[in-house]
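Report on one structure; see the data block that follows.
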Amino acid sequence: DAEFGTNTDVSKAVGECGIITSLINKFNADNPDVHVIVTTVEWPGYDQLTAQFAAGDPPDIVTVHHSVLGDYQSKGLLMPLDDLLKTVGVSPSDFTDASLSGVTKDGKIHGLPIDNWTMLFHVNLDLFKKAGLVNADGTPKLPASVDELMAQAKQFKEKTGKPYFVQNLANEVALYTRNLYTYLFQQDSDFFADPKQVKMNTAEAKKVLEMYKAIYDNDDTTKDLDYAASINAFLAGEGGVHLNGTWVIGDYTASSETSGTALNAGGYAVYPYPQLFSGKKAQYADGHSWAVSQKDRTPEEEAAIGKFLKFFNDNDYEWSRTGHLPAVKAVLESDAFKKLPHRDTIAPIATLGTPLPSTVQRQFAIQDIIGQEMNAAITGQKEIDAALADMESRINELLANI
Amino acid sequence: MSSTSSGIVGRSTGDRIILILVIVLALIMMAPIAWVIALSLKDNKELMTDMNSVFHAPYTINNYINILATSSVFRWILNSLIVSGGLTVMTLILSSLAGYGFARLNFPFRNALFIIVLLGLAVPEQAVLIARHQLFSWLKFHNTYHGLILPGLAAPFGVFLMTQYFRAIPKELDEAALLDNASRFKIFWKVLLPLTIPAQATLGIFTFLSSWNDYFWPLISGTKKEMYTLTIGIASTQTNFAQSEGLGFLMSQAVFAGAPILILYLFFQKYIVTAVSGAAVR
Amino acid sequence: MTAHIEIRNVSKRYGSLTVLDGLSLTIKANEFIVFLGPSGCGKSTLLRMIAGLDSVDDGTISINGERIDNLPPGQRDIAMVFQSYALYPHMTVADNMAFGLRNISLPAEVISARVAEAARMLEIGHLLERKPGQLSGGQRQRVAIGRAIVKEPKAFLFDEPLSNLDAALRVRTRVELAQLRNRVRSTMIFVTHDQIEAMTLADRIVVMNNRKIEQIGTPMEIYSRPASRFVATFVGSPTMNFLPIGLSGENGFARARLPDGTELQTAIRLDGINGSEHSLGIRAEAVKLANGTAATTTGKVEVIERLGDRTLLYTRLEGGSVIIAEDVGNSRVAIGDEVALALDGARTHLFDAEGRAWHNEGVGHG
Amino acid sequence: MTAHIEIRNVSKRYGSLTVLDGLSLTIKANEFIVFLGPSGCGKSTLLRMIAGLDSVDDGTISINGERIDNLPPGQRDIAMVFQSYALYPHMTVADNMAFGLRNISLPAEVISARVAEAARMLEIGHLLERKPGQLSGGQRQRVAIGRAIVKEPKAFLFDEPLSNLDAALRVRTRVELAQLRNRVRSTMIFVTHDQIEAMTLADRIVVMNNRKIEQIGTPMEIYSRPASRFVATFVGSPTMNFLPIGLSGENGFARARLPDGTELQTAIRLDGINGSEHSLGIRAEAVKLANGTAATTTGKVEVIERLGDRTLLYTRLEGGSVIIAEDVGNSRVAIGDEVALALDGARTHLFDAEGRAWHNEGVGHG
Amino acid sequence: MAEATLSGSASAAKAATRQAVQNINAPLWRNAVFVAPYLFLFVTLLVVPLFWSIWLSLHKADAFGIGRFVGVDNYFRLFRDKIFIQSVGNTFYFVFLTVPALALIGLMLALALNRKTRSAAALRAVYFSSSVLSVTIVTLIWRIVFIGNFGLPATIYGWFGATAPAFLSDPKLTMIGIAIATVWWCIGLPMMLFLSALQQVPQEIYEAAALDNASRWRTLWHITLPSIRRTFVLVIIIEIVLQFQLFGQARLMTQGGPNNVSKPIVLYIYEAAFTKWDLGLGAAASEILFILIMLAAMAQYFISRRRGEEG
Ligand SMILES: Nc1ncnc2c1ncn2[C@@H]1O[C@H](COP(=O)(O)OP(=O)(O)OP(=O)(O)O)[C@@H](O)[C@H]1O
Ligand SMILES: Nc1ncnc2c1ncn2[C@@H]1O[C@H](COP(=O)(O)OP(=O)(O)OP(=O)(O)O)[C@@H](O)[C@H]1O
Ligand SMILES: [Mg+2]
Ligand SMILES: [Mg+2]
């Protein structure tokens, strides 16, 4: 974030870090009476946030995922924002449906939604061309079923000598989990029918795991990369499709516009996950929001917070340049947004995106469990059935002890 | 193999072979650090496309310039200095007092208390961490300097070391001073304390190093960015946002954070070595 | 001011170990007293009890009639010189000497005057700015004495102050200490296990052994009329010769039959001697090479020790016992020689199995 | 097998410090040689060079004609007893003794026979299963000697083996060592700075000082005909008296004028004496209390040392010099007495300013 | 020391009945002022939290308040939890990997560098230098070194056309990877401890051994090693205690993965408390860690003691 350390011209910034830093700088510059101090934490940072809440000294405003709002909200740690938003003139009806439902808990808004995000297929078009997987119009051919995926991956590897997928499988849990959720949604599996009880030992889940295991066994994916290394690998042209979130679109686009890079050679494209199963079209999505901790505050302090939330709401467009989908309907529909690179191809996410039921707590802990068990199954350390059984019992044990 | 610089006749060739082996191993040992330093001197973009470029020019110090532009690093270093320095000073004071007390003064239950303190050496930090965190929450000590300093003060190591050291000082000195009409505190302050300077150096260095490098407690107690210690601060930059910033920058942060302590180490190397040895004797 | 010290029935125990057992002793003002005894007999303990560094378990200690055993060490007006000197390593020599005086808040001029005077007396004026680490053993020893002198105490206590010095320096310092003693008027108590130091320095020697006092007396009393076999063995070098004997009498004086059958007339009165087994004690200087008729007995020389001014002959008698005889420095005797020995019956002592001693009537004959 | 050791022109330097400078010495087979000298004069260094524990910078060392100074220590067939004994603390006494023999792979029976024999000789049979930590100082010392004996070496080296023992034990062990020496036929080199040990043990003494050998000779030669003032000072206790004198002659023999003006006729031939300033050396045993006319001079007694068998009187002469006189054990002299002294002119020595010495013609008169 | 105190109190008791005796060695409360400040902190920051933790472990508690008393239920849950059992196993495996390596390599380095030359001093400095780095730096370095496609081993293997092992993602190698980084990081301390022990061994013993014709090997085996046996035990105990508390390396290099094969107990505790918000469970696990460390150190101590007595 060094390059944007003092930048207040938001329009020049790229990447999550750059944009948010610039936004906050701008806010501080525009509002000399309020000063926002930013604390970055080790990702994902909820351990420290929990410690802060436990210590009774949480930050005033914190970005949290929609998926964890419930944890804190259920302990009464977050301030309902309905009144505050009303006073600064932000109406819940401004938000997209996905965003609104993401931040609404017990009928109250507990966070200002700023985006929706999901995982995407980031495509290296140069390699796709070499593999012969490009349509006449220059768009990549994406699979429509599991078999097609396997066939295309095979072809890709034969032609390019490189794996189809670039995935960060080393020391990773989130990617596995999100993939699983997405493909369970696509099979209409209602694994969280009861938010206190998960059903994972199902045929649907087994299908997903078998598919990923096949990909792994066939060497159709990179294997031993961690998150940072996978980004490097994709940028270095080590594979065709990178599974990563909306937040890297800005960076990748920038890279594809720099001559000499692997993405510059043939171009860069990005798509939602293809529909591989016959169920409802869907993919797992989550979002960020600004939550406000429950504290005794003076009216001035509340007003400052309101100002800050309003500011972000007003600048949702700038934030959406990171690649995330805006939380404000108007921005989503604006021309400026549509003109951003690749937004045309990912816009459907606004309707595809499906979160877990908001009543499910400890979603990060659950994600750890799912990721661990999937990793074990896919890399062959465990039988798929055993992994699914363990997954289910571990999650249920966790949920039973909340 | 174990002869020191003795003049024993006919012992040199074997010694030389061993020395060469040790040098080679030292080079291997240093390789990761050298490699990381080389990485930190490379342009991020260049590294993205060609990892082998670390082995040749061009090198650049841009990464370091970028670090300096991030003002937080200095704040973190300051925090680390305050926390480690404060802890070190307080530990020296408390341990010296307690060491003198245990070594020289008799009071009810002295030996039992000393044994209990020694047992404290075996208590892992994690066994008390959760409770301590709650205690500090209740006292509103989190995100304060004393909140970061205090837990380190309970560690029994310093007391143990200083007690052993005081015990090793001839008791006749106390007795001579007693006959010279000096009070107990005067004996401690004027006669014995000046003699413990080597042990103070040892303990000071140890305390400072371990506090500087502590990861667990600051992670959950100093949770505000302005209260981060360098260790936590550097860890916080390693993930999420920073990942796209490139390897060279990351490595330069590692080097930047490691350098002060390494330089400090090289300065005090002699003391540290004798310190470690001294601690081991007893 | 000097101290008359009364020690009454003093005992000391460490746990279940009794180190001193009901000891009594009077030390006169200005006296130079030496506590002499083997290692571990409790000499240091007694000294430290006088200084207040060890507590008294039973009994009392008083100085000039005033009970002091419950005063803290600093208030007893006593100075001590430790075996290891116990100089404060980080203070200069001058500060070492001044420390005690500053603690009682003497005016600075008095302090510096006293330090200067002591330094002059001990010839350490040029060392005042050095630290103890920069001094030789002998110099340290003098500084330790200086630190005691400046306090002008009622009594000086020395705990084996010479034992860390090498042989030559020890002899020299011993003489210096004897001279110092003539200049400083104060009671002095000196602990040693070296009988030569005790003999040469003491007005009176307190021989201690095994929790008790064996004998108190002037050096010559101790040497020539040892109260027990232990004292006779411990004092004098080479150690006294002991021969198992049979006892008979002649004109009221004891007559000893040596292991080889020869008889020796002693000057010891027979009456009063009791017990069954006896041995005869005779110092090497009372056993000389005999020419012709004066011989008491004969023996074979096994070891010869030439000390320069005299020669010691370790001679095995016929009965198997070994006796040490003294000869002149340039003795011509060689190992293996048969020699005739003359034992001086007038300088013999008798001991019974319990170690009790009987001596001749007259004053001992060194 | 015993060693004839030739040391030729040996030098040793530590950095810029020369510790030994071109030293030569021949040690005969079976001889008991003592290196005597003040602390730091290089005795240990020379010994360690013979053992191979320090390297030789210049010169050669050979045993029985064979050069050994570049052999590792283990191959020189030499045993050494260290001042600190250097027993292996974790091995039993038996293992300590056997270790060296196992290293050269002797058969187990031979080893145990030799260990048993040595243990018998040194009377440590009952200690064989103990560890050194469970032994007293004297016992450790014997084990150290035992460890040397079992190796049946050509030469034994002792580096101040008695200095860690207490006074009584030291005397006893000294005698035992002298007896051992008669049983074990081997060359022995013994380092000490205690002149009594040197005198009593040595066949020949090598007096060292200041990087060089001052004198080599039998104990009596060293004592009665010291080659230099240093040797005269270092050997003998109390140390020799030195008086500055004026020199004149009578019948070819030197005549000394003492500081107080009295004259003393010596037995030293005048021819050959050169140099300008001279001093007279005379041992305390040649200075006696005089009755009446025999007096050479008079002085005032300052210090009295009672050694039991004799008494030393530190007497200040009129000229200011102090002379030590010897009197009988039960001397009646008191401090401050004026005494008349008789100096035995036949037992005097002359030294010039450089320390060179002249003696009377005859054999020394201890 | 112990005896002195006993006698002190005995005499003080007697003194009290006799009169107010000023015995400088008597146990007096006012002598405790020197230790009081430390003891206050020791009790409030270590003893109280320790017992508080034990109390917590008997409760259903989360980060925001103590719930109900559940007895030893948390402990039962732990023993039923495969992941916990696995993390205990992992910890033992890690200790087994690192402690002998640290002790042996440390010993060998100490033997090689126990000389007074300048090069030896410089090498000692080099080997100790990594110990001063913080865990974040160390893991950052090693994560990059181990990275699959372009790490240091990968680069070096690449020169020979081979694929480097995946130290941080191959389940068989992760613990080894963490162990390598740990040994690299921690080797300084055991080396220094051994060095100081070696310097305590009197030089004369070596000289005696040289005169006894002992070869280098026999000297090492029969003289050096027995002489530093106590230090060896000390090093082992210290390292067991330290390595049992593995946390930073695992958290920062692998986050305990893949599939928990590198999750040590401390990370389990941390996750239980701060990710699952299950403080009672975390507290229970930390008490088990405490007991394990005590047992391991004590076992080692007694084993070595027994052997010492026999030998
Ligand atoms: N603090 C102590 N605890 C237990 N026993 C002790 C203590 N101090 C001394 N002793 C014992 O008391 C006895 C007398 O000791 P002390 O030091 O007085 O002997 P010493 O005559 O001075 O001997 P040395 O000549 O060796 O100095 C010894 O047996 C010793 O072991
Ligand atoms: N390793 C060394 N480095 C430098 N100087 C040394 C070393 N060993 C000895 N010396 C010096 O060499 C000189 C002779 O030492 P050596 O040990 O031979 O004396 P010594 O006659 O045995 O004395 P002592 O009677 O005290 O044992 C001394 O001045 C000493 O300081
Ligand atoms: Mg004593
Ligand atoms: Mg020596």
Side-chain angles (χ1 to χ4, degrees), chain B residues 1-6 8 14 18-19 22 26 29-30 32 35-36 51 94 97-98 100-102 105-108 110-111 117 120 122-124 126-128 130-132 135 150-151 153-154 159 178 209 212-213 215-216 231 234-235 238 251 254 257-258 261-262 265 269 273 276-277 280-281, chain E residues 2 5 8 25-29 31-32 34-35 37-38 41-42 45-46 49-50 52-53 56 111-116 123 125-126 129 132-137 140-141 145 150 152 192-193 196 198 203 206 210 216 220 224 245 247-248 266 269 273 279 282-283 286-287 289-290 293-294 297:
Chain B
M1 181 164 246
S2 21
S3 61
T4 50
S5 70
S6 87
I8 296 179
I18 290 166
L19 190 63
V22 180
M29 177 99 181
M30 286 293 97
W35 191 65
V36 161
M51 274 304 297
L94 287 174
L97 284 170
Y100 173 73
F102 279 123
L105 297 177
N106 197 358
F107 47 85
R110 178 184 64 177
N111 292 348
V117 170
V123 178
Q126 294 75 31
V128 294
I130 293 166
R132 217 183 249 168
L135 178 69
L150 277 172
L153 291 179
V159 175
L178 276 177
L209 274 184
W212 184 276
N213 289 337
Y215 175 65
F216 206 156
T231 306
I234 291 289
Q238 275 176 46
M251 292 298 100
I261 203 77
L262 263 180
Y265 164 66
Q269 206 244 109
V273 171
V276 183
S277 320
V281 174
Chain E
T5 322
N25 291 320
L28 299 176
W29 278 112
N31 283 338
F34 283 89
V35 298
Y38 171 74
L41 289 176
F42 177 76
L45 294 174
L46 200 88
L50 184 63
W52 180 243
S53 272
L56 262 183
L111 288 170
L113 295 178
N114 181 28
R115 56 187 91 206
K116 295 202 176 82
L123 285 168
V126 167
S129 61
V132 305
L133 297 174
S134 75
V135 67
T136 29
I137 311 291
L140 184 51
I141 290 174
V145 166
F150 54 76
L152 193 57
M192 287 299 181
L193 294 175
S196 62
L198 287 175
Q203 183 61 24
Y206 288 116
R216 210 172 251 274
L220 173 67
T224 308
Q245 301 178 48
F247 172 62
V266 179
I269 295 170
L279 282 199
S286 65
E287 298 322 317
L289 173 70
F290 177 36
I293 289 180
M294 290 281 268

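A quick note: this is a predicted structure, and the numbers were derived from the prediction, not measured. Below, chain A is the first sequence line, B the second, and so on; all start at residue 1.
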Item to complete: Against chain B, work out which of E:Ile269, E:Leu123, E:Leu113 has the most heavy-atom pairs shorter than 4.5 Å and name it.
Response: E:Leu123
Worksheet, complete the sentence: For E:Pro37 and B:Leu94 the tightest heavy-atom approach is CB-CD2, 3.5 Å
Fill in: Residue part contacting chain E, namely of B:Leu135, when any heavy atom lies under 4.5 Å
side chain
Discussion item. I need the minimum non-hydrogen distance between B:Pro108 and E:Trp29, along with the two atoms involved.
Written reply: CG-CE2, 3.4 Å
Worksheet item: Side chains of B:Arg132 and E:Leu46: does their closest heavy-atom pair fall under 4.5 Å?
Response: yes
Discussion item. I'd like to check the ring-ring contact (aromatic ring centres under 6.0 Å, His included) partners of B:Phe216; sequence neighbours left out, ordered by chain and number.
Written reply: E:Phe247, E:Tyr270
Practice prompt. Examine whether an atom of E:Ile293 lies under 4.5 Å from a heavy atom of chain B, and if so say whether it belongs to the side chain, the backbone or both; otherwise answer neither.
Written response: side chain
Discussion item. Distance check, rounded to the nearest 0.5 Å: B:Ile18 atom CD1 versus E:Arg216 atom CZ?
Written reply: 5.0 Å
Worksheet item: Is any side-chain heavy atom of E:Val145 closer than 4.5 Å to a side-chain heavy atom of B:Trp35?
Response: yes
Worksheet item: Most heavy-atom pairs under 4.5 angstrom with chain E, which of B:Val36, B:Val22, B:Leu178, B:Val159?
Response: B:Val22
Worksheet item: What closest approach, in Å, do B:Ala131 and E:Pro49 show between heavy atoms, and which atom pair accounts for it?
Response: CB-O, 3.2 Å
Item to complete: Check B:Ile130 against E:Leu56 and note the closest heavy-atom contact, atom names and distance.
Response: CG2-CD1, 3.7 Å
Discussion item. Looking at every heavy atom in both E:Phe290 and B:Ala127, which two are closest together, and how far apart are they?
Written reply: CB-CB, 4.2 Å
Fill in: Residue E:Leu50 versus chain B: region with a heavy atom under 4.5 Å
both
Worksheet item: Do the side chains of E:Ser129 and B:Met29 get nearer than 4.5 Å, heavy atoms only?
Response: no
Discussion item. Heavy-atom cut-off 4.5 Å, strictly under: side chain, backbone, both or neither for B:Pro151 against chain E?
Written reply: backbone
Item to complete: Mind listing the closest non-hydrogen atom pair of E:Phe42 and B:Ala154 along with its distance?
Response: CD1-O, 3.7 Å
